Number of protein chains: 2
Amino acid sequence: MIDKKENTEEKIIDAARSVFIKKGMDGARMQEIADEAGINKALLHYYFRSKEKLFDAILGKIIKVAFPKISGIMVSDADFKTKLVQAIDAYLDILFKHPYLPAFVLKEVSRDPNVFIKIIVKRGLNPKLVFKIIEDAMDRGEIVKMKPQHLVINIIGLCVFPFAARPIIEFVAFDEDKKATDQFFKERKAVIKEFVLRSIEVK
Amino acid sequence: MIDKKENTEEKIIDAARSVFIKKGMDGARMQEIADEAGINKALLHYYFRSKEKLFDAILGKIIKVAFPKISGIMVSDADFKTKLVQAIDAYLDILFKHPYLPAFVLKEVSRDPNVFIKIIVKRGLNPKLVFKIIEDAMDRGEIVKMKPQHLVINIIGLCVFPFAARPIIEFVAFDEDKKATDQFFKERKAVIKEFVLRSIEVK
DNA sequence: GTCTATATTAGGATAGAC
DNA sequence: GTCTATCCTAATATAGAC
C-alpha cells in the first residue's frame with residue numbers, strides 16, 4: 001500500500017535536498033525550500049531550527065550516497081582486476097543515479113571541508129584496507145606498481161570529473177547537443193574500464 | 001622602479017579575486033572584498049557598479065587562465081605522443097600555479113553555466129582542431145582508437161580532479177598529513193603521463 | 001502542526017560631504 | 001577619488017493565533 005500522503009518532514013527533506021543540490025548552501029533560500037515543499041518558512045523553522053541545521057541534516061544523507069563503502073567489493077576474494085571492474089561499475093551506477101552529486105560535493109567541500117571530515121569520521125570510512133589490497137595485488141605482480149592512492153584517485157577522477165563538468169563538456173565538446181552528450185556519458189563505463197585496465201596491465 | 005603604491009582598481013581586483021575564489025559568487029561579501037582591499041564598500045561600488053559586474057570582471061580573467069589554449073602545442077608537427085606529454089606538462093604547470101582554479105570553476109559553472117559559455121565563445125576557444133589531430137593520430141595507428149572527447153576528458157579529469165578534491169584527499173587518503181599530500185601532488189605529473197601513455201598504447 | 005504576521009539582521013547599493 | 005552615513009530589499013528567524 002502506497003503512502004499517498006508522505007509526512008511533512010519527508011517533504012521538507014526532499015525539497016531541501018533538491019534545492020541545496022541545485023544552489024548549494026550559500027545559494028539556497030529557505031523560501032524556495034518552503035515553496036518546493038508546499039509549506040511556509042515558519043514551518044520549516046519549526047522542524048529544523050536553522051538553515052545550517054537543515055543543511056547538515058541533508059548533507060549527512062548525501063554523503064552516505066556520495067562516499068559509498070566500495071570496500072565491500074574489494075575485500076571479496078575474487079581476482080583483483082575483476083573486483084576493480086566491479087567497483088568501477090558500482091561507483092558509476094551511483095553517479096548515473098545521482099548525477100548532481102559530484103558538483104555538489106566539490107562545491108561544499110571547498111566551502112567547508114570540516115563538515116565533511118566530521119561526517120566521514122562518523123561513518124567510519126577508512127580506505128586503508130583498500131590501499132592494502134591494491135598493494136598486495138601489485139606485490140603479486142597482477143598490476144603495475146604505483147602508490148595506491150594514485151590509482152584510486154585516478155579512477156575516481158575519471159568517473160567523477162565528467163559529471164561535475166557536464167555543462168562545460170556539453171558546450172565545448174558537443175556544441176550543446178544534449179543527445180550526443182548523453183551518448184558520451186553512456187559510453188563512459190566501458191571507456192573507463194578499458195582505460196584503467198590498459199594502464200595497470202603488466203607488460 | 002617598483003610601483004609601491006598600486007592603484008585602487010588593482011587592489012580591488014586582487015582582493016575580489018581572492019575572496020571570490022575562496023567563497024564563490026554566492027558566499028562572497030562586498031564588505032569582505034572592501035576590507036581585503038583596504039577600502040570601503042562605497043568605493044567598491046564606485047569602481048564596479050554591482051557585485052555581479054565585479055564578479056564578471058574577475059571571472060573573465062580567471063577563465064583565461066583556467067581554459068588555456070593548449071591547441072598551440074597540439075598543432076605543432078612533433079610526434080603525437082610527444083605533443084600529448086607536452087600538453088599535460090603545460091596544463092599541470094598552470095594548475096600548480098593556480099591550485100584553487102578547479103574548485104572555483106566547477107563551483108561557478110554549476111551555478112550558472114551561461115556565464116562561462118559567453119566568455120568561452122568570446123575567447124574563440126574551439127577544440128575541434130584538437131579532436132581532429134587526435135583522430136588523425138588514431139587513424140595512423142599511433143594510439144588506440146576511441147572517441148577523441150573521451151581521451152581529452154580523461155586527461156583533464158586526471159589532472160583537474162585531485163586539485164578540486166584536495167581537502168578530501170588530504171584527510172581520507174593521507175590522514176591530514178599535508179607533507180604527504182604535497183608529495184602526492186608532486187608525483188602527479190609523472191603518474192598521469194605514464195598512466196595515459198600506457199592506456200593509449202597500441203599493443 | 002500549521003499558518004499569518006512581524007521582528008531582526010545582513011548585505012547590496014546610493015547620497016552627499018569632502 | 002574616497003569617505004561616512006543611510007537606504008532598501010532580501011533573507012533568516014520568531015511570536016502568537018488557530
Side-chain angles (χ1 to χ4, degrees), chain A residues 2-62 104 107-108 110-112 114-115 118, chain B residues 2-62 104 107-108 110-112 114-115 118:
Chain A
I2 299 160
D3 233 70
K4 193 168 101 18
K5 182 161 158 263
E6 57 176 346
N7 66 32
T8 304
E9 186 164 346
E10 269 178 67
K11 282 193 294 186
I12 291 176
I13 287 176
D14 286 348
R17 178 178 23 239
S18 154
V19 173
F20 277 133
I21 282 178
K22 254 184 298 205
K23 307 284 181 71
M25 167 64 177
D26 290 331
R29 296 291 163 248
M30 294 296 266
Q31 185 61 59
E32 193 179 349
I33 294 173
D35 290 346
E36 188 147 334
I39 58 166
N40 58 32
K41 280 189 293 178
L43 198 52
L44 213 50
H45 284 277
Y46 173 81
Y47 277 86
F48 299 85
R49 251 201 307 285
S50 70
K51 183 184 179 183
E52 205 178 332
K53 285 212 170 44
L54 176 56
F55 181 73
D56 284 355
I58 301 298
L59 187 63
K61 291 172 190 292
I62 290 179
F104 175 79
K107 190 187 314 196
E108 297 305 329
S110 80
R111 196 182 63 90
D112 178 6
N114 295 327
V115 188
K118 269 194 311 194
Chain B
I2 298 162
D3 232 74
K4 195 169 102 15
K5 180 160 162 264
E6 56 176 346
N7 66 31
T8 305
E9 185 163 348
E10 269 178 68
K11 282 193 294 185
I12 291 177
I13 287 177
D14 286 348
R17 180 180 19 240
S18 153
V19 172
F20 278 133
I21 282 178
K22 254 184 298 206
K23 305 284 180 70
M25 167 66 177
D26 290 332
R29 295 291 162 250
M30 294 297 267
Q31 185 61 60
E32 193 180 348
I33 295 173
D35 290 347
E36 188 147 335
I39 56 164
N40 57 33
K41 278 194 293 179
L43 198 52
L44 212 50
H45 284 277
Y46 173 79
Y47 277 87
F48 298 86
R49 250 202 306 285
S50 69
K51 182 183 180 185
E52 206 179 331
K53 286 212 169 44
L54 177 55
F55 181 74
D56 284 356
I58 302 299
L59 187 63
K61 292 173 189 288
I62 290 179
F104 174 80
K107 191 188 313 198
E108 297 305 328
S110 82
R111 194 183 64 89
D112 180 5
N114 294 329
V115 188
K118 267 194 310 191

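Per chain, numbering begins at 1; letters A, B, ... match sequence-line order. For clarity, every value in this text was computed on a predicted model and none was experimentally measured.
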Sequence neighbours left out, cut at 3.5 Å: what donor-acceptor pairs do the side chains of residues 15-25 of chain B make with other protein atoms?
| unit_1 | atom_1 | unit_2 | atom_2 | d |
| --- | --- | --- | --- | --- |
| B:Arg17 | NH2 | B:Asp14 | OD1 | 3.0 |
| B:Ser18 | OG | B:Glu36 | OE2 | 2.7 |
| B:Lys23 | NZ | B:Glu32 | OE1 | 3.0 |
| B:Lys23 | NZ | B:Glu32 | OE2 | 3.2 |

| message | Walk along nucleotides 3-18 of chain C from 5' to 3' and tag each nucleotide B, S or - by protein heavy-atom contact under 4.0 Å, base first, then sugar-phosphate. | response | BB------SBBBB---
| message | Go through it in stages, so that I can follow the logic: the residues are B:Glu108 and B:Ile62, the test is side chain to side chain contact (heavy atoms under 4.5 Å, CB included), and I'd like the CA-CA distance, side-chain angles, deciding distance and then a yes or no. | response | CA-CA 11 Å; B:Glu108 297 305 328; B:Ile62 290 179; over 6 Å; no
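Atom-to-atom, CZ of A:Phe48 to P of D:dA11 comes out at 21 Å; the value is rounded to the nearest Å. Summarising the geometry, the separation between CD on A:Glu9 and C1' on C:dT2 is reported as 15 Å, rounded to the nearest angstrom.
Side-chain contact check for B:Ile39 versus B:Tyr47: every heavy-atom pair is 4.5 Å or farther apart. Between B:Asp35 and B:Gln31 the shortest side-chain heavy-atom distance falls below 4.5 Å.
The salt bridge (charged side-chain N to carboxylate O under 4.0 Å, His left out) contacts involving residues 49-59 of chain A comprise nothing, where partners must be two or more places apart or lie in separate chains.
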